[in-house]
Structures are given as structure tokens and as C-alpha cells.
Amino acid sequence: MIENDVEILPKAFFLNKDVTEIARHLLGKIIVTYINGEYTSARIVETEAYDGTVDKACHAFPNKITRRTAVMFSEGGRSYVYLCYGIHHLFNIVTQEEGIPKAVLIRAVEPLAGKEIMKRRRNCHHDRQLTNGPGKAAQALGISTLHNDVILYQKNGMIYIGCEMNNLKFEINVSTRIGVDYAGEDAKLPWRFYIKNNPNVSKQ
DNA sequence: CAGAGGATCCTCT
DNA sequence: GAGGATCCTCTGA
């Protein structure tokens with residue numbers, strides 16, 4: 001896959017829709033990164049929605065602005081990258097108009113361009129373990145907290161989201177989100193979406 | 001300013 | 001499947 005095959009998603013894609021709908025529609029889309037002079041791209045195969053207005057699992061709940069969550073309150077189409085367990089950098093896409101804190105976590109991707117670069121970044125020689133989790137996907141794509149609050153709808157940036165010219169067909173599975181048991185009842189929300197039978201999904 | 005805990009991953013067994 | 005790594009963020013005083 002080369003860069004010209006990818007059409008960039010406009011800012012409007014990230015606004016004015018339910019965050020779970022955006023999480024669904026992000027499946028099959030492409031993350032392109034151009035970081036440290038290295039070009040990589042990957043297809044999104046697993047996402048989770050987080051809604052800071054109603055959802056205890058969201059860092060910004062309940063509409064709480066802190067240094068970390070501030071970017072979630074900005075206009076949709078930006079990155080929210082945070083450090084998880086002191087080790088892993090998790091990549092999210094902020095959605096909605098300014099002031100409404102909702103985001104989509106990218107939980108797994110399928111490598112397209114730059115697979116060897118990803119293997120080197122991950123120090124990983126097995127395809128199965130390369131990008132099948134949120135920390136792994138971000139690391140493979142070269143994304144870290146350095147790339148927090150980055151605009152995702154312009155092609156001259158470090159990261160953008162695109163779609164392929166000829167869209168592939170796939171079935172979508174829905175489940176509860178992973179690792180949010182602390183959120184009580186909200187842990188039961190069916191806000192995880194993934195491409196059925198895709199081998200890069202973190203957990204079928 | 002100390003303490004607790006986490007949207008995970010890797011390495012064992 | 002269990003446990004440790006590792007450090008930032010938030011809380012409460």
C-alpha cells in the first residue's frame with residue numbers, strides 16, 4: 001500500500017455523531033504515521049468508545065477537566081495519547097464539538113505499510129503479537145505521549161486517519177470493553193467494536 | 001507531598 | 001493464568 005491509495009478523513013467525520021457510531025465507523029479506516037522520518041500505516045480492526053459525560057470508565061468523567069483530560073474537551077479530530085501502567089502509550093481519537101469529552105481508543109490494527117519498521121519498534125518477530133492490543137498498536141506505529149494533542153485531519157501532520165479507495169466488506173462484532181471493571185455498571189456497556197475473525201483483534 | 005491505582009504487556013509456570 | 005514492571009496522574013491533607 002502506498003500513500004496515494006489513502007484518502008484523508010475530514011474533520012467533520014469526528015464531529016456531531018454519537019461516539020459509539022464513530023467507533024464503529026473507524027473500523028476498516030487507516031492510521032498513517034510519519035514519525036522520525038519513517039512511514040507506517042495500518043488498518044483499524046478494534047475500537048472502544050469512551051464518553052466523559054456519562055461513563056465512569058472515561059478519564060474525563062464526569063465532565064472533569066484536568067491536565068491529562070483537557071485534550072478530550074477540544075474539538076474532535078485530535079489525538080489523546082496517555083501513559084498506561086507507566087509503560088504503555090495508548091492512542092485515542094477525540095470526537096465531538098469543543099467542550100464535549102468523548103474519545104475512541106484504538107485497541108488493535110492490521111499492519112499495512114512499514115511492517116518491518118513496526119517489528120523493529122516492537123522488538124517483535126511474530127506477526128500475531130505485533131499490533132493486537134492498544135499498547136502494541138501505538139508502539140508499532142511509533143506513537144507516544146509526544147503525539148498527544150495532534151491534529152489528525154491534515155496530511156502534512158505526523159498522524160492522520162484515512163480510508164481506502166475501495167472499501168473492504170467485513171462483519172462487526174460488539175462486546176463490553178476490556179480492562180474497565182473498576183467502572184461498575186458502566187463496565188457492562190457494549191462499547192467495544194471489532195472486525196469479526198480478524199487475526200489482529202486483541203481478544204475474540 | 002505522599003499514596004494509590006491504572007483503557008497493558010511480557011515472562012514465566 | 002498469575003505476577004511484576006513502571007511512572008504519571010489525581011486525590012486529600
Side-chain angles (χ1 to χ4, degrees), chain A residues 14 18-24 26-27 31 42 44-74 76 78-96 100-111 118-150 152 159 161 173-195 199-204:
Chain A
F14 307 102
D18 188 270
V19 65
T20 59
E21 282 305 297
I22 297 175
R24 275 180 186 274
L26 278 169
L27 293 178
I31 303 175
I44 298 170
V45 301
E46 179 178 346
T47 61
E48 284 177 356
Y50 288 85
D51 181 342
T53 67
V54 296
D55 166 23
K56 281 202 267 301
C58 183
H59 295 153
F61 177 82
N63 284 313
K64 183 181 290 183
I65 303 182
T66 66
R67 260 245 298 290
R68 182 172 65 157
T69 65
V71 65
M72 268 201 272
F73 289 81
S74 60
R78 291 166 177 270
S79 61
Y80 167 45
V81 185
Y82 75 96
L83 189 65
C84 185
Y85 294 102
I87 303 174
H88 309 291
H89 300 255
L90 270 54
F91 173 64
N92 299 252
I93 297 173
V94 175
T95 74
Q96 316 299 316
I100 306 175
K102 307 188 188 189
V104 176
L105 170 67
I106 304 303
R107 278 198 57 88
V109 300
E110 175 181 327
M118 296 184 190
K119 287 184 172 176
R120 192 197 70 232
R121 283 171 175 160
R122 292 257 312 113
N123 190 26
C124 169
H125 307 290
H126 312 285
D127 286 5
R128 285 300 294 253
Q129 300 294 324
L130 188 56
T131 54
N132 63 334
K136 301 176 194 178
Q139 186 180 25
L141 288 162
I143 298 172
S144 74
T145 50
L146 293 174
H147 310 100
N148 185 44
D149 198 5
V150 159
L152 301 173
I159 309 170
I161 311 298
N173 277 8
V174 183
S175 80
T176 55
R177 295 170 294 179
I178 309 283
V180 296
D181 292 343
Y182 60 87
E185 284 295 304
D186 292 336
K188 298 175 183 169
L189 293 168
W191 284 2
R192 173 172 175 254
F193 307 92
Y194 58 97
I195 295 179
N200 299 280
V201 166
S202 66
K203 192 175 157 191
Q204 291 291 336

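In what follows, chains are A, B, ... by sequence order, proteins preceding strands, each numbered from 1. None of these values were measured; they are calculated from a predicted model.
Across all strands, A:L83 comes closer than 4.0 Å only to sugar-phosphate atoms, never to a base (heavy-atom distances).
Protein chain A touches strand DNA chain B; the 5'-most and 3'-most nucleotides with an atom under 4.0 angstrom of its non-hydrogen atoms are B:dG6 to B:dC10.
By the ring-ring contact (aromatic ring centres under 6.0 Å, His included) test, A:Y82 pairs with A:H59, A:Y80, sequence neighbours left out. Residues satisfying the salt bridge (charged side-chain N to carboxylate O under 4.0 Å, His left out) criterion with A:R121, sequence neighbours excluded, are A:E38. Under the side chain to side chain contact (heavy atoms under 4.5 Å, CB included) criterion, A:A49 pairs with A:V19, A:T20, A:A23, A:W191, sequence neighbours left out. Partners of A:E185 by side chain to side chain contact (heavy atoms under 4.5 Å, CB included), not counting sequence neighbours, listed by chain and number: A:K188. Among residues two or more places apart in sequence or in another chain, the side chain to side chain contact (heavy atoms under 4.5 Å, CB included) test is passed with A:A138 by A:F91, A:I143. Not counting sequence neighbours, A:K64 has no partner by the salt bridge (charged side-chain N to carboxylate O under 4.0 Å, His left out) test.
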Intra- and inter-strand pairing of DNA chain B, written as dot-bracket with Watson-Crick and G-U pairs under 3.5 Å and | for the latter, reads ||||||.|||||.
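Residues from residues 86-95 of chain A with heavy atoms under 4.0 angstrom of DNA chain B, sorted by number: A:G86, A:H88, A:L90, A:N92. Residues from residues 44-61 of chain A placing a heavy atom under 4.0 Å of any atom in DNA chain B, listed by number, are A:Y50, A:A57, A:H59. A heavy atom closer than 4.0 Å to some atom of DNA chain B occurs in A:G133, A:P134, A:G135, A:K136, these being the qualifying members of residues 123-138 of chain A.
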Show the distances under 3.5 angstrom between N or O atoms of the protein and N or O atoms of nucleotides 11-13 of chain C.
| unit_1 | atom_1 | unit_2 | atom_2 | d |
| --- | --- | --- | --- | --- |
| C:dT11 | OP1 | A:K64 | NZ | 2.6 |

